[in-house]
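Each chain gets a letter, A, B and so on, in the order the sequences are listed, and its residues count up from 1. Only heavy atoms go into these numbers, but all of them, side chains included; no hydrogens, no water, no symmetry mates. Not measured: the values here are computed from a predicted model.
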There are 2 protein chains.
Amino acid sequence: MQQARPSRSNRERTEATRGALVAAARALFVEKGYAGTSTPEIAAAAGITRGALYHHFADKRDLFRAVVEQEARAVAREIEAATPPGLPARDALAAGSAAYLDAMTARGRTRLLLVEGPAVLGGAEMDGLDEANAARTLRAGLEAAMPGTALPVPALSVLLSAAFDRAALAIDAGADPEEYRRAMIAILERLLDGAPPPQAAGRSPRIVTRSP
Amino acid sequence: MQQARPSRSNRERTEATRGALVAAARALFVEKGYAGTSTPEIAAAAGITRGALYHHFADKRDLFRAVVEQEARAVAREIEAATPPGLPARDALAAGSAAYLDAMTARGRTRLLLVEGPAVLGGAEMDGLDEANAARTLRAGLEAAMPGTALPVPALSVLLSAAFDRAALAIDAGADPEEYRRAMIAILERLLDGAPPPQAAGRSPRIVTRSP
DNA sequence: GAATTGACATACAGTCTGAATGTATCTTCG
DNA sequence: CGAAGATACATTCAGACTGTATGTCAATTC
């Protein structure tokens, strides 16, 4: 136990206050969403006043961003821990995929990163955040696993990432994790394996879009 | 032109007022988001008072739901128009895919249906709305195109749907539509074509997740 | 045509956000 | 070491917004 007023340094005070704010805000944002959470509520839960909140963060949105950033970093750390450098491309993709879905089972993470985040911070800001963390890993893995493909790997990476996100959401909502893992693996695996198929006669026509 | 007060029936009044409200709200929600749009603003844009708004809708969220429902119905209509019954499964999937991406290029549609919708109404409500419209079509197409597969088709359908959504968002954000169409087609096509690959020796190991 | 319902408009109470201002504690530097 | 300034807060305030309550007038019903 500490004394009632241990005469902390400014550095310590800031760290403690910011930490308490981010933790309290995280819990409330998860429970009631961004709009449903008020700053008086957050301050009370953190044991401080709104003044302190607005001293450390420009506004409510800025505090939310801090929560989301912390969450994104945690996910990136778990993925990196599961994919040590030097792993073969396929193995890295497999391990990274599993690690991502595991990481997203942390309470409230899907809501923060996949639902409220894009709506509050906007797609662009979330993309930047994601790019610096999880998305980069996936694209690098795909590029390594699909050398010389004619397909647009960056676009593929974005689309697969969205599918991963949706799998995480479904699992979080109570769906059978194994089912979604299998489905996700099937999509990824068949994409990697699928050489441009031969033009065999009598086969169903390829899928073609009409031009825009 | 109509007279200044054409003595409309109640039915007509309601229809006109609700229509004006939904239209004005749609434009503002698209431009400034749900939270950034106030009900005084919406009422002013619709040329009525807030009293009328709260007479026709339970609250701001209820009005938003009406906007989103209208939007989802429009997308479903476009897809249905592009996939007449009797079309072979693959062709129906191809046409439906193209129609979906085309439909989602309507101004603001991605923001309403894919960003604000899930955050404001919640995933469950949006899923219900989607299920009654676009999602149903995709799953039916997949089931018809993958008869007898061991894969969980409903889960696959959900994941592919998420990838489609992300493609629509990317295109809306200015990405090259052709690139994302090609990527999306590649994922779908290879999934449909990919028979369970043979256990050929010397091949890279299949992707396997660790159990949860 | 009297009564009732429906479609609004207006007024109001409570809450929230962000800014402005005040105060105490820590840090720096002569 | 002590003054001066910076930092970390707390308190107060103004403006805005949401949803509700109440009032009014036209349309429908009987």
Side-chain angles (χ1 to χ4, degrees), chain A residues 2-25 27-29 31-68 116 119-122, chain B residues 2-25 27-29 31-68 116 119-122:
Chain A
Q2 301 240 23
Q3 289 290 23
R5 243 205 67 247
S7 182
R8 296 170 295 183
S9 75
N10 267 348
R11 170 110 187 160
E12 287 168 324
R13 287 183 71 181
T14 292
E15 206 169 315
T17 303
R18 281 188 61 109
L21 275 171
V22 169
L28 288 165
F29 286 150
E31 188 193 351
K32 317 166 70 169
Y34 177 80
T37 303
S38 68
T39 53
E41 215 173 348
I42 297 171
I48 55 153
T49 63
R50 283 181 60 245
L53 193 162
Y54 280 91
H55 175 71
H56 287 288
F57 300 94
D59 52 18
K60 187 181 167 189
R61 187 186 135 109
D62 191 37
L63 170 56
F64 179 76
R65 176 172 28 238
V67 171
V68 168
E116 304 275 343
V120 175
L121 301 179
Chain B
Q2 304 240 21
Q3 287 292 20
R5 245 206 68 248
S7 181
R8 296 170 295 182
S9 75
N10 267 348
R11 170 111 188 159
E12 287 170 324
R13 284 184 75 180
T14 292
E15 205 168 316
T17 302
R18 280 188 63 109
L21 274 170
V22 170
L28 287 165
F29 287 149
E31 188 194 351
K32 317 166 73 168
Y34 177 80
T37 302
S38 68
T39 53
E41 215 174 347
I42 297 171
I48 53 152
T49 65
R50 269 175 14 100
L53 192 162
Y54 279 91
H55 177 71
H56 287 287
F57 299 94
D59 52 19
K60 186 181 165 186
R61 186 188 136 109
D62 191 37
L63 170 57
F64 179 75
R65 176 172 27 239
V67 170
V68 168
E116 304 274 343
V120 174
L121 301 179

Peer 1: State whether Thr17(A) places a side-chain N or O below 4.0 Å from either non-bridging phosphate oxygen (OP1 or OP2) of dC9(D).
Peer 2: yes

Peer 1: When you measure from the side-chain N and O atoms of Ser9(B) to the phosphate of dA27(D), is any distance below 4.0 Å, counting only OP1 and OP2?
Peer 2: no

Peer 1: Closest nucleotide of DNA chain C for Gly47(B) versus for Arg61(A): which of these residues is on the 5' side?
Peer 2: Gly47(B)

Peer 1: Kindly point out which of dT25(C), dA7(C), dA10(D) is positioned nearest to the side chain of His56(B)?
Peer 2: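 Looking only at side-chain atoms, His56(B) lies closest to dA7(C).
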
Peer 1: Taking the side chain of Asp59(B) as its heavy atoms from C-beta onward, which of dG18(C), dA9(C), dG19(D) lies nearest to it?
Peer 2: dG19(D)

Peer 1: Could you measure the distance from the NE2 atom of His55(A) to the CG atom of Leu53(A)? Nearest 0.5 Å is fine.
Peer 2: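 The distance works out to 11.5 Å.
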
Peer 1: Round to the nearest Å and state the distance from Leu53(B) atom CG to dA7(C) atom C1'.
Peer 2: 13 Å

Peer 1: Without decimals, in angstroms, what is the distance between Glu15(A) CD and dC9(D) P?
Peer 2: 12 Å

Peer 1: Find the distance Phe64(B):CZ to dT18(D):P and express it as a whole number of Å.
Peer 2: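 Phe64(B) atom CZ is separated from dT18(D) atom P by 14 Å.
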
Peer 1: Nearest-Å distance, CG (Asp62(B)) to P (dT18(D))?
Peer 2: 15 Å

Peer 1: Return the nearest nucleotide to the side chain of Tyr54(B); candidates are dC8(C), dA8(D), dG19(D).
Peer 2: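 Closest of the options to the side chain of Tyr54(B): dG19(D).
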
Peer 1: At their closest point, which heavy atom of Ile42(B) faces which heavy atom of Ala24(B), and how far apart are they?
Peer 2: O-CB, 4.0 Å

Peer 1: Please figure out whether Arg11(B) or Arg50(B) has its closest DNA chain D nucleotide nearer the 5' end.
Peer 2: Arg50(B)

Peer 1: State which of dT18(D), dA9(C), dA7(C) makes the closest approach to the side chain of Arg13(B).
Peer 2: dA7(C)

Peer 1: For residues Thr49(B) and Ala43(B), report the shortest heavy-atom separation together with the two atoms involved.
Peer 2: C-CB, 3.7 Å

Peer 1: Taking 4.0 Å as the cut-off, does a side-chain nitrogen or oxygen of Ser38(B) come that near to OP1 or OP2 on dC17(D)?
Peer 2: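 Answer yes for this pair, as a side-chain N or O of Ser38(B) is under 4.0 Å from OP1 or OP2.
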
Peer 1: What's the closest nucleotide to the Lys60(B) side chain, out of dT17(C), dG19(D), dC8(C)?
Peer 2: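 My answer, after comparing the listed nucleotides, is dG19(D).
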
Peer 1: Can you name the nearest heavy-atom pair linking Val120(A) to Arg61(A), along with the distance?
Peer 2: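 For Val120(A) and Arg61(A), the tightest heavy-atom pair comes out as O-NH1, 3.0 Å.
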
Peer 1: Measure up the Tyr34(B) and Phe29(B) rings against each other and bin them: parallel (under 30°), tilted (30 to 60°), perpendicular (over 60°).
Peer 2: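 Tilted.
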
Peer 1: Nearest-Å distance, CZ (Phe57(A)) to P (dA8(D))?
Peer 2: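 Whole-Å distance recorded here is 12 Å.
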
Peer 1: So Thr39(B), base contact, sugar-phosphate only, or nothing? Heavy-atom distance under 4.0 Å.
Peer 2: sugar-phosphate

Peer 1: Look at His55(A) and dC9(D) and indicate whether a side-chain polar atom (N or O) is within less than 4.0 Å of OP1 or OP2.
Peer 2: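 No, because none of the side-chain N or O atoms of His55(A) sits under 4.0 Å from OP1 or OP2 of dC9(D).
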
Peer 1: Whole angstrom is fine here: how far is it from OH in Tyr34(B) over to P in dC17(D)?
Peer 2: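 That distance rounds to 14 Å.
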
Peer 1: Could you please name the option among dT17(C), dT11(D), dC17(D) that lies closest to any side-chain atom of Pro40(B)?
Peer 2: dC17(D)

Peer 1: Heavy atoms only: give me the nearest His56(A)-Arg18(A) pair and the separation to one decimal.
Peer 2: O-NH1, 3.4 Å

Peer 1: May I have the distance from Glu12(A) (atom CD) to dT27(C) (atom C1'), rounded to whole angstrom?
Peer 2: 14 Å

Peer 1: Can you check the Leu28(B) CG to dC17(D) C1' distance for me, whole Å?
Peer 2: 15 Å

